[in-house]
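Inspection log for the structure reproduced underneath, given as structure tokens.
Quantities reported herein were computed from a predicted structural model and do not represent experimental measurements. Throughout, numbering of the chain's residues begins at 1 and tracks the sequence.
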Amino acid sequence: MRLQVTSELALDVDVRLRYDPADPYAVALTFHLPGDPPVHWVFARELLLDGISRSSGEGDIVIEPVPGPDPDFQDVRIRLRSPAGEAVLYSPALPLIAFLGRTDRLLPMGGEQTVSDLDAALELILNGHSRRAG
């Protein structure tokens with residue numbers, strides 16, 4: 001991705017997006033600049049999906065499509081704000097769409113509640129709180 005430092009200066013930065021079905025609603029974004037500790041953000045998977053096609057989010061995280069260098073493809077702007085400052089990242093939309101496709105193969109969107117229900121039921125069973133027939 002590109003990190004917009006000033007209106008005239010942007011740096012290419014390595015960004016890692018992660019998805020863990022154990023936390024089914026969230027994606028994690030991590031990047032760092034040389035000499036600085038990594039910066040971690042966690043936000044809704046659905047926010048990333050929505051932000052590819054329309055402006056989404058408010059406050060600390062805003063994700064929205066913007067014109068890219070290639071007129072045939074949109075870029076996506078990810079604006080991250082915290083008390084420590086602001087970071088604005090730009091990515092072509094296609095790698096983000098591919099990432100979301102991989103998350104959907106792990107756990108389809110809309111299936112998160114089912115996983116939470118199963119986890120809760122399993123926790124009850126493992127702790128001996130299941131209903132006993134009889």
Side-chain angles (χ1 to χ4, degrees):
M1 290 188 187
R2 290 183 330 275
L3 173 65
Q4 192 73 44
V5 179
T6 68
S7 59
E8 294 85 29
L9 177 63
L11 304 172
D12 287 334
V13 294
D14 288 327
V15 174
R16 173 180 242 175
L17 286 169
R18 290 185 321 271
Y19 176 72
D20 181 354
D23 188 5
Y25 294 102
V27 294
L29 179 148
T30 302
F31 70 94
H32 81 75
L33 299 171
D36 288 337
V39 176
H40 304 284
W41 283 82
V42 177
F43 51 88
R45 176 169 63 153
E46 191 170 348
L47 176 64
L48 182 58
L49 176 66
D50 291 346
I52 290 172
S53 59
R54 62 178 166 41
S55 183
S56 299
E58 53 187 63
D60 295 346
I61 301 170
V62 176
I63 302 174
E64 58 194 344
V66 295
D70 183 338
D72 294 330
F73 296 100
Q74 292 279 346
D75 273 6
V76 176
R77 177 174 43 214
I78 302 172
R79 185 175 309 229
L80 308 168
R81 292 185 183 133
S82 76
E86 178 177 293
V88 180
L89 297 162
Y90 290 86
S91 173
L94 291 177
L96 299 176
I97 292 167
F99 169 77
L100 287 167
R102 291 189 301 274
T103 72
D104 201 57
R105 283 191 296 278
L106 290 171
L107 180 63
M109 287 230 185
E112 300 93 349
Q113 187 61 42
T114 303
V115 169
S116 297
D117 291 344
L118 289 173
D119 287 345
L122 183 58
E123 181 73 26
L124 286 172
I125 291 167
L126 292 176
N127 287 328
H129 294 92
S130 64
R131 286 190 226 175
R132 301 191 196 284

Locate the shortest heavy-atom distance separating Ala44 from Val27; write the atom from each residue and the value.
O-CG2, 4.4 Å
Under the side-chain contact (heavy atoms from CB on, under 4.5 Å) rule, what do Val15 and Leu3 come out as? Steps first, then yes or no, please.
CA-CA 10 Å; Val15 174; Leu3 173 65; over 6 Å; no
Name all pairs fulfilling the salt bridge (Lys or Arg N to Asp or Glu O under 4.0 Å) condition that reach into residues 33-44, sequence neighbours left out, sorted by first residue then second.
none
Got a second to check how far Ser91's OG is from Leu17's CG, nearest 0.5 Å?
8.0 Å
For Ala28, enumerate each residue passing the side-chain contact (heavy atoms from CB on, under 4.5 Å) test, keeping only those at least two apart in sequence or located in another chain.
Arg18, Val42
With a 4.5 Å heavy-atom cut-off, do Leu29 and Leu80 have their side chains touching?
yes
Name all residues meeting the side-chain hydrogen bond (donor to acceptor under 3.5 Å, both in side chains) criterion together with Arg16; count only those two or more places apart in sequence or in a different chain, and write none if there are none.
none
Exam field: side chain Tyr19 to backbone Pro24, donor-acceptor pair closer than 3.5 Å:
yes
Please check if atom CD in Gln74 has more than 12 non-hydrogen atoms from other residues, nucleotides or ligands closer than 6.0 Å.
yes
Enumerate the salt bridge (Lys or Arg N to Asp or Glu O under 4.0 Å) contacts for residues 75-98, please, sequence neighbours excluded, ordered by first and then second residue.
Arg2-Asp75, Glu64-Arg77, Arg79-Glu86, Arg81-Glu86
Is the closest side-chain heavy-atom distance between Asp60 and Trp41 below 4.5 Å?
yes
List the atom pairs, with distances to 0.1 Å, where a side-chain N or O of residues 95-110 and a protein N or O form a donor-acceptor pair under 3.5 Å, not counting sequence neighbours.
unit_1 : atom_1 : unit_2 : atom_2 : d
Thr103 : OG1    : Arg45  : NH1    : 3.2
Thr103 : OG1    : Leu100 : O      : 2.7
Asp104 : OD1    : Met109 : N      : 2.7

Residue list, side-chain hydrogen bond (donor to acceptor under 3.5 Å, both in side chains) with His40, at least two apart or on another chain:
Thr30
Cluster partners of Val62, using ILVMFWY side-chain heavy atoms under 4.5 angstrom, listed by chain and number?
none
Ser53: which residues meet the side-chain contact (heavy atoms from CB on, under 4.5 Å) condition with it, sequence neighbours left out?
none
List for me each residue that meets side-chain contact (heavy atoms from CB on, under 4.5 Å) alongside Thr6, sequence neighbours excluded, and say none if there are none.
Glu8, Leu9
Could you list the cluster mates of Val88? Members are the ILVMFWY residues connected by side-chain heavy atoms closer than 4.5 Å, either directly or through other members.
Val66, Tyr90
Nearest 0.5 Å please: distance from the CD1 atom of Ile63 over to the CG atom of Leu48.
5.0 Å
List the atom of Ile61, the atom of Phe43, and the distance in Å for their closest heavy-atom pair.
CD1-CB, 3.4 Å
Qualifying residues under side-chain hydrogen bond (donor to acceptor under 3.5 Å, both in side chains), relative to Ser56, sequence neighbours excluded
Arg54
